[in-house]
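Below you'll find the structure, written out as structure tokens, and then a few comments.
Here is how names work: the chains are called A, B, and so on, in the same order as the sequence lines, proteins then strands, and each is numbered from 1.
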There are 2 protein chains.
Amino acid sequence: MTRRRGEIPLLLAMTYRAMTEALHDRIAAEGREPLRPAHGYTFRLLLDRADVTSVDLADHLGVTKQAASKIVAELEGWGYVERRPHPTDGRARVLALTDKGHAYVRHADEMWAEIEDRWAAVIGARRLDDIHHDLRAYVEEVAGGRAVLRPVW
Amino acid sequence: MTRRRGEIPLLLAMTYRAMTEALHDRIAAEGREPLRPAHGYTFRLLLDRADVTSVDLADHLGVTKQAASKIVAELEGWGYVERRPHPTDGRARVLALTDKGHAYVRHADEMWAEIEDRWAAVIGARRLDDIHHDLRAYVEEVAGGRAVLRPVW
DNA sequence: TAAAATGGTCAACCTGATTGACTACCACCG
DNA sequence: CGGTGGTAGTCAATCAGGTTGACCATTTTA
């Protein structure tokens, strides 16, 4: 099949959209809280760093601190995240995953992995390695490694 | 670099997000109307089919007919789309691209192509062909070819 | 030919975001 | 010290894009 120049971005969107939908179907089937991508990106940031504040999160997600604060409030209400006093800065709060939060991340990772596996079953794991490499190359070399993850709207 | 299982969906999101941002920067730099992905998906549908109604568009975008109608109203206001009386159904209107709409699609295709080219410059056109093939395989074989394109959030 | 289904519009509301104003605290420089 | 400017976080108002629900006009079906 020949490729129309400029068609790739659309296919990326369709693929990611379909994968996200698959995940949300599973989350809904489990009767979980309506976790959105922003929540997932939040989890991932809290896993990577131990000193994250709301402002850091806002920056990471590419939203205002008010929006980030709302997300944190939701996650706190569901028991996935805690706000602890900052050790040295009396204004700030440090965000951290609770045990429940950690457990959820492991669970979500497994669901994503299974979704990815269905792709691997069609094209082969080797191909997926290549794609991984190529996507990283775009994000790092073309997009400058900026990891803003807010949804495309 | 070894690949963590389940990492691909996140990378897809980041890549698509970065590409979309690149496009929007260009659109903004040209001083154009704030066209969103939904507008682009609309153009593409109108290119493919000559008898599209608002309900068809709603279905294609995965939104309600009211939401689709608003999008059409915007595009009509900007002169990209026309609503013509339906030849046989007195209730319906047929949507069609104006000349300005067609010109914009050509322009947008070129912009997407250039964004894609920057990726090709890093990983090679051959790799991009493979990715094209693999993405299509996911969309068709795993996601069942459903082409709902509404944004992920 | 009456009843059900469909295309489209209007209006009210929901939600996730924004902007703007404000408080409390920190950091630096005189 | 101490005041001045910057920063973390909250509250409140508003916006934008979407939804639900009611409705009319037309078309399709029984």
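Residues B/Tyr80 and B/Glu33 have side chains that bring a donor and an acceptor to within less than 3.5 angstrom of each other.
Here the side chain of A/His39 pairs no donor or acceptor atom with the backbone of A/Val72 at under 3.5 angstrom. No donor-acceptor pair under 3.5 Å is formed between the side chain of B/Trp78 and the backbone N or O of B/Ala73. Proximity of a side-chain donor or acceptor of B/Trp119 to a complementary backbone N or O of B/Met19 within less than 3.5 Å is not detected.
A salt bridge (charged side-chain N to carboxylate O under 4.0 Å, His left out) check over residues 80-91 of chain A, counting only residues at least two apart or in different chains, returns the pairs A/Glu76-A/Arg83, A/Glu82-A/Arg84, A/Asp89-A/Arg91.
Atom NE2 of A/His86 is separated from atom C1' of D/dA8 by 10 Å (rounded to the nearest Å). For A/His39 and C/dT15, the NE2 to C1' distance is 12 Å, given to the nearest whole Å. As a whole-Å value, the separation of B/Tyr41 OH from D/dG18 P is 12 Å. To the nearest angstrom, C1' of C/dA17 lies 12 Å from CG of A/Leu61.
Distances shown here put every side-chain N or O of B/Thr64 at or beyond 4.0 Å from the OP1 or OP2 atom of D/dG18.
Position along DNA chain C of the nearest nucleotide to A/Thr88 versus A/Ala68 favours A/Ala68 as the more 5'-ward residue. Of the residues near DNA chain C, A/Glu74 and A/Gly90, the one whose nearest nucleotide (by heavy atom distance) lies more toward the 5' end is A/Glu74.
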- Whether each nucleotide of nucleotides 9-16 of chain D has a protein heavy atom under 4.0 Å at its base (B), only at its sugar-phosphate (S) or at neither (-) is summarised, 5' to 3', as BBB-----
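Residues passing the ring pair (Phe, Tyr, Trp, His ring centres under 6.0 Å) test with A/Trp112: none are found, sequence neighbours excluded.
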